[in-house]
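Accompanying notes for the structure given below.
Please read all numbers here as calculations on a predicted model, not as lab measurements. We use all heavy atoms of the structure for the numbers below, so side chains are in, but hydrogens, waters and symmetry mates are not. The chains referred to below are lettered A, B, ... by the order of the sequence lines, with proteins before strands, and numbering in each begins at 1.
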Amino acid sequence: MKKRKKSAIIICMCLMAVTLTAGRLTSLHQSVSALQTKNVEALSSGDDWATILAEWATAFRCRCHSSSNSCLGGNLISFRGLCYMGEDVVDCHDYDGNCED
Amino acid sequence: MLWIATIMMETARIESMLNSFNANHVNVHHSHGLSVAFMVLALCCMALESCYRIPEALTATDFESIPYKCVNKGGLKVSSVDTFYIDVDFDNLICSMNGNFFVKDDSLFFADRNINEILQFDSEGIYIGNKIKRGRGPNELTEIEYATRNNDGNVLVMDGSWNFILFDSSWKKQNSRFLNFNQSYRSVKDRFNHPDPNNIDMYEIAYDWSSVRLYDNKAIFQITAEHPKYNGYEGNKRKHFFKNSYIFAKYNLKDSAVEMTGHYSPLYAQKLIPSFSGVLFDIFEDKLIYSFQADSLIYVMDMIDNRNLYSFGIGGKGMNQDYESYRNFKEAERMWRDDDKQYGYYNDLRYEPETGFVYRIYSLGNNTTEGRLQVYKGSNLLGEINMTKNSRYIGNIKGKSYFALPADYENDRFTIVRYTFN
């Protein structure tokens, strides 16, 4: 009886750990998706370039390059791209995420 | 690692909750056993996480087997040289002076990065008018980063948002293509956790060294990656990055197919100098010649099968190449401007089809503006002449080779030098 109870608790906790981890991942993914969706909507409104911009917005984020003051396209999965997204997967104090800073 | 920490923290929290809740039912021995079990679970997860091995490039370059053929032949003769200026008065000519020159139909064109227009000058630098204006009309552009023309006179514009706009020889817009680097449509999490040098979703256009060429309906340009887990700046994968990441994308403007090719020369994995990892390249007959900011060798690649055929090139004289390797991206970014002054590097590599010359320009560094121009014929060095740091080749008009010195922002003017070499 004691053994069964112990096994049940272990299984239960394993499931909880997995669920919590999945929840954390889903939440991160959702926050990223939400930001992307927001960006797409903002860029698409009443614009002939809507299709291009929608595709553009899901692919990269504008950020400054060291050699230029212009805002140029960079990959979302990059030091500066992730900072621009407001994600904490890299230390955003270290990277100039966008040209507005 | 974040997830592992989360698991462990959540585990500890749940365990403590359960402990207090079941204080009367679960004894201390059980609690200790659970801790061990979950520590093991966490370690397993950790092991699984760290099990991901970044793949190697599917097409590697064996640089050691590339034959070197180059002779310092000498005999460069300068038949003529003269200089003229293009004054930007802001009344008749509005120009930011930030952009690149190119030659087409015996005229000089300046692709202005800030006002996003293409300006036309005659061969003496007299302003004629604007060929491409800013806007969203049929023959207008919203953004220009770099413009070039091919041997047929077609003009290709690369903007700062991954678009490539092709004009025919009479400046009529042919098509506009957007290169989406997220072609695999992997999830953000997957892309973050599993960098892969063979997957284009990791890369971006190397705008720090903006340049593009047009060959057989393909836009050819440098790509780079600043992936937090896979880059040339920091982490323990820097050597792997410089050995395996691709440096060129060939983007077919007809069918949108994209091909990655080329790798950094071995010098980069050895010295770890991402700040000087710009690639210089040009179309060389039906081949691609390319070189690196920090490497003296110039490589010749077959345009069809991407094989490296041979290398040539002789190192510049008096260059300060004691480059510093930084610990991280932040440090490298902070030091970029100082390094640009302190160290010498190659900044332009161009082939002139009219004469068969290959030009390469380099700077000496040591906080000077000194630089030199190397002139090659075939794969042999004919000679060098002094040329201001960061000058660039423009093109050939009526037998004369045009070079632009760095824009003189203080006096609002361009300095153009023309040479005739024999």
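Residues meeting the side-chain contact (heavy atoms from CB on, under 4.5 Å) test with B/Asn199, sequence neighbours left out: B/Ser184, B/Arg186, B/Asp196, B/Asp201.
When every heavy atom of B/Arg191 is checked against every heavy atom of A/Asn75, the shortest pair comes out as NH2-OD1, 2.8 Å.
Only the backbone of B/Tyr203 has a heavy atom closer than 4.5 Å to any heavy atom of chain A.
Separation of atoms CD1 (A/Ile77) and NZ (B/Lys189) is listed at 11.5 Å; rounding is to 0.5 Å.
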